[in-house]
Amino acid sequence: MSNEWLETIVVTRRDATARIVVLELVSPDDVELPEFAAGAHVDVLVDGAAGLVRQYSLCGPPHDRARYRLAVLAETASRGGSLGMHRLREGDRLRISLPRNRFSVSDEARRHLLVAGGIGVTPLLAMAHALEARGAEYELHYCARSRTDSAFIDELEHNPHVRLHFDDGPDDQRFSVATDIGRPDPETAIYVCGPGGFMDFVISCARQAGWTAETIHMERFAPVEDAAAHTAGGAFTVRLAKSGGEYEIKEGENVLDVLLAGGVDAPYSCQQGICGECTVRVLAGEPDHRDDVLTDHERADGMFTTCSSRAHSPILELDL
Ligand code: FES
C-alpha cells in the first residue's frame, strides 16, 4: 500500500445516534491539515497493531483545514473496523492517509442533486458545504429510517436546500425519484451515496427516467456481500508490460494478491473494489470488470481494478 500516514488526535467524539459516532480529528502539532475537496475520503488505520484499514468520507466543510470530521456507523456485521472507531475516545491518536477523491463535484454542471441514503450522507454533506460556499444551485435529499437514526439533523433541517425523507414519516415527505429528481437535464449532476440497495434503486430509476450515466455520480462504501464475486471464475495469466513478468491467477485468487505475493509494487487500498486505488491500464486482453468503482467511461478507456476484476481472455496485459 502506498500510504503516507498522517498522525491525528481525536479532539471531539459525539454519539450522533445510537449507531453513529462523529469524530473530529486535528493535527497533534496544531497545524492545518492537508487540503481536500468535497467528496474526498481518507484511509484510517483503525487498529495500528492489527493493520486494519477502512475508508471514511470527510464530512466537514472543506474550507475548514483546522479539523477533519468523520461519521462512522456501527455495522452489525463489522469485522472490527467500525466498532474500533466507536471505541475511540477524545485524546486518542489515529493515523489516516492523505485525502483521496473519486467522488468530486462536477465543474460542468449548473445544478447539483445530492441523494443520500443513511450514512451515505457523509460525502454529500461536504459537497453541500462546498456548493453553499460557492453559491451554487443544489438540493440535498437525505433519506433515513427515522429522525432518531439520522446524524446531522440539527445542521441540516433549517437549510432551505435540504429535504429530509424518513421511512416512518408521512407519505408526502417520502423520497420519490419522479418528483425529487424529475426529468433528465444535461446541466444537472446527480450524486448518490448510501447502502447498495438504495443506490441501485435510485440509479436504476434515474436511468429509466432518461438520465445518462455521465450525469450520475456515485460512491459505494460497502463492497459486494459475496467475497467470491471477485475471485470466482477460470484461471488466466497476467502479463506485466514494464517488468515482463507473468503470473497465473487461479480460480479463488485475485490479481492484486498474486502480484503482491510475487513482490510487485502494485498500488492498492481498500482491496474491496470500491476505492479505485489499485486501478491500472489494460494494454491487451479482455477484462471482466467486477468492481463497484470504475465508470463505464473509465472501463471503456482501458482502466482495470486488480483487487476485484478478472479476465475473459486467457492473457491480460497490464501497464505495470
Ligand atoms: S484497492 Fe480499492 S478498488 Fe482495488
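As the structure is a computational prediction, the values presented were derived from the model and not from experiment. Remember, it's 1-based here, ligands and their atoms both numbered in the order they're listed.
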Under a 4.0 Å threshold between the charged nitrogen and the carboxylate oxygen, would Glu75 count as salt-bridged to Arg54? no
Ligand 1 atoms in contact with Ile274 (distance to a heavy atom under 4.0 Å): 3 (S)
Any salt bridge linking Asp168 with Arg147? Criterion: basic side-chain nitrogen under 4.0 Å from a carboxylate oxygen. no
Measuring only between side-chain heavy atoms, which start at C-beta, is Leu88 closer than 4.5 Å to Leu94? yes
Atom indices of ligand 1 within 4.0 angstrom of Cys275 heavy atoms, with elements: 1 (S), 2 (Fe), 3 (S)
Quick note on ligand 1: atoms under 4.0 Å from a heavy atom of Gly273 include exactly 3 (S)
The protein heavy atom nearest to atom 3 (S) of ligand 1 is Gly276 N, 3.2 Å
For ligand 1, which atoms have a heavy atom of Cys270 less than 4.0 angstrom away? 1 (S), 2 (Fe), 3 (S)
Atoms of ligand 1 under 4.0 Å from any heavy atom of Gln271, numbered from 1 in the order shown, are 1 (S), 2 (Fe)
Let me check your reading of the structure: within less than 2.8 Å of atom 2 (Fe) of ligand 1, is there an N/O/S atom from Cys278? no
May I ask you to decide whether Arg100 forms a salt bridge with Asp43, counting only side-chain N to carboxylate O separations under 4.0 Å? yes
Taking N, O or S atoms only and a limit of 2.8 Å, check whether Cys307 reaches atom 2 (Fe) of ligand 1. no
Do Leu316 and Ile249 have side chains that approach each other closer than 4.5 Å (heavy atoms only, starting at C-beta)? no
Above 12 or not: heavy atoms from other molecules or residues under 6.0 Å from NE2 of His63? yes
Would you tell me whether Tyr138 and Glu132 have side-chain atoms, one donor and one acceptor, within less than 3.5 Å of each other? yes
Measuring from the heavy atoms of Ser308, does anything fall under 4.0 Å of ligand 1? no
